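For reference, the structure is listed below as structure tokens.
Every chain is numbered from 1, with letters handed out A, B, ... down the list of sequences. Predicted model only: the values in this text are computed from it and were never measured.
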Amino acid sequence: MADAVGASVGEVTRVDDLGEIERASSPRWVWWRTAEIYPALLEAGVRVQRCHDLAAVQSLLRTYEGEPFVPPQSALSEPAGSGAVQISLFTDDEAASKPSRRLGAGPDGDPAMYGTYFGLAELRRHYAEQLAHIARVRKAHPGFGLLVAAESAAGLAAVEMGRAGLPWSTEIHDRVLTDLLGPRPQHHGRPRKLQVLAEEVSALLAPEKTGPALQVNPDSPADVLKAFKRQGVTLTSTRAWELKEVEHPAVAPLLRYKELARLHVAHGWGWQDQWVRQGRFHAEYVPGGVVTGRWATSGGGALQIPKVMRACVVADPGYVLVAADAGQLEPRILAALSADRGMIAATADADMYTALARQALGRPEARNEAKIGLLAAMYGARANTPAMVALKRRFPQALDLLERAARTGENGGIVRSVLGRTCPPPEPTWQEVPPEQALARSRARGRFTRNFVIQASAADWANALVAGLRRRLIALSDRAELVFFQHDEVLVHAPAMLAEAVVAAIADSGAEATALVLGDRGVRIPLAAAPITSYADKN
DNA sequence: GGGGACAGCCAC
DNA sequence: AAACGTGGCTGTCCCC
């Protein structure tokens, strides 16, 4: 992060010039929104090493100061009535000094360029203000500069990932869908196997009437509830876990229907038509789109690909996918944040939950109890299981950190991630309700802040991972591409001969993220990377 | 016919 | 076993 606005500010103008400057000195480009400017640069063959995304940083600074969360896409509103279309960006690097030029609007301007419509002076003013603001914040939260840099790097990675796309075999996808659902329907309507299940459910729930039309629509919870009621079965919902407890012949086909219908509507042929082009699933990623700093997506549902569909993600011939995820990231983050010596010791174990079970319960085979107990503590479960009590006794500092975060939230306070990402405050009127509702709101707010410190700090770590990995992959080869990132896991698509180098790049990036974000606290975050051909082969 | 609330399930 | 955090997405249902 530069500490001053470079003297060499210049409007750039033709993409070729920008590319030349980038190759010569890789400055930190300053612009309004990466998502608006960077796709056109990539289209023109210019890959940028570093940037400062004013909108993303504005979002971080706003919440830091106690303002409501504003997703980064809209953190900087555009001035009204602005006329000419121009791209404003500049570099803060003196070495990049060039005569003032203008990008996009000239007679020989690149028609592919479009963007945000601010003047350069306003851009410079915002940047200078942000730098001064960041410098102030860093006095209290030294990690904030890293947060800002990683957030901007994440923005670059997100655009590149969306452009590269996730290798997606439509052939395998078709096969999976056909196996599960039957052939693709000609027009609308349900695929054959889905229709058969729907009719079976209907016949079993409304046996008194028969005919081509369904008496019970399995997609309608109200319909299903009424039908079960007629059968003498009273349900409070049609959730899968509740249905599983009911003994009725319609339950099994209904559960199967729900499972398959979900795949059909959310990841079926329609989804493929919309999102997969030429063997690549192109999603739109939104770094910082979640209040905790996790990434979101807008369209395509890239962060919710069902596990059965992972078989569709396959490397090109001669390529591999290098997959890695940080196992048990959140409990490891908790160990680091709380500096609980016993819990830090447990992070040495590849399976942290077994270590916790051994230390707190004296029984390594109680792994699952320990896991559920700790997750429940991090999410704020009401029930206090014996495992939770044992964890509290054995790891008091760790559990106390969670309790304090919860108390802060219940009292209307704010909490921050390890790097300084800040949760938004409650609505000013949040307690202006009847007392029992006020208590419920207070508890809910406590669960939010309790989880925020963990989830947001895990997101800090993950963004640092992505930033470091991106840097290393750029140095390695244009053909080694980050193609997927999901909270704590990455997929790199690379020529097979680069597999080892990519594995090393991922391992190095993980170690770097741990050192940068968590410092020297002795916490281990394993990030085992392995080359695979199909995403289904992971783990 | 479009918007919004709600239900339900997918991911972490 | 079933209630405990962050989301996206799609269906139904009801309203305008």
Nucleotide [N], atom [atom2] - distance to [atom1] of [X] in whole Å:
X        : N      : atom1 : atom2 : answer
A:Lys244 : C:dA2  : NZ    : C1'   : 11 Å
A:Asn217 : C:dT12 : CG    : P     : 6 Å
A:Gln486 : C:dG8  : CD    : P     : 14 Å
A:Leu263 : B:dC10 : CG    : P     : 8 Å
A:Tyr285 : C:dG8  : OH    : P     : 14 Å
A:Met309 : B:dC9  : CE    : P     : 17 Å
A:Asp488 : C:dT6  : CG    : C1'   : 13 Å
A:Asn451 : B:dC12 : CG    : P     : 16 Å

OP1, OP2 of [N] versus side-chain N and O of [X]: anything below 4.0 Å?
X        : N      : result
A:Arg294 : C:dG7  : no
A:Ser220 : C:dC13 : yes
A:Thr238 : B:dG8  : yes
A:Lys307 : B:dC12 : yes

Where the side chain of [X] is concerned, which of [options] is the nearest nucleotide?
X        : options              : answer
A:Ala266 : C:dT10, C:dG5, C:dG7 : C:dT10
A:Tyr379 : C:dG5, B:dG8, C:dC9  : C:dG5
A:Pro306 : C:dG5, B:dC10, C:dA2 : B:dC10
A:Trp241 : B:dC10, B:dG8, C:dA3 : C:dA3
A:Arg239 : C:dT6, C:dG7, B:dC9  : B:dC9

Open item on the list: Has A:Arg416 got a side-chain atom pairing as donor or acceptor with A:Tyr64's backbone, closer than 3.5 angstrom?
Closed with: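 Yes.
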- [ ] Return yes if some donor-acceptor pair links the side-chain N/O of A:Arg524 with the main-chain N/O of A:Ala348 below 3.5 Å, else return no.
- [x] yes
TODO: Measure from NZ or CZ of A:Arg367 to the centre of the six-membered ring of A:Tyr353 and say whether it is under 6.0 Å with the direction within 45° of the ring axis.
DONE: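 Relative to the ring axis of A:Tyr353, which defines the angle, A:Arg367 lies outside at least one limit.
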Task: First encountered from the 5' end of DNA chain C, between A:Phe69 and A:Asp219 - done: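 Looking at the nearest nucleotide for each, A:Phe69 comes out on the 5' side.
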For [X], report the nucleic acid contact type (base, sugar-phosphate, nothing); a contact means any heavy atom under 4.0 Å.
X        : result
A:Gly289 : nothing
A:Arg310 : sugar-phosphate
A:Ile305 : sugar-phosphate
A:Ala240 : sugar-phosphate
A:Arg447 : sugar-phosphate
A:Gln328 : nothing

Open item on the list: Between A:Gln215 and A:Ser202, do the side chains contain a donor N or O and an acceptor N or O under 3.5 Å apart?
Closed with: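 The answer is no; no qualifying pair exists.
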TODO: Please work out whether the ring planes of A:Phe452 and A:Phe448 are parallel, tilted or perpendicular, with thresholds of 30° and 60°.
DONE: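 Taking A:Phe448 first and then A:Phe452, their aromatic rings stand perpendicular (interplane angle over 60°).
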- [ ] Using the salt bridge (Lys or Arg N to Asp or Glu O under 4.0 Å) rule, take A:Asp273 and A:Arg184 through it: C-alpha gap first, then chi angles, then the decisive distance, then the call.
- [x] CA-CA 12 Å; A:Asp273 289 346; A:Arg184 177 174 191 167; 2.6 Å; yes
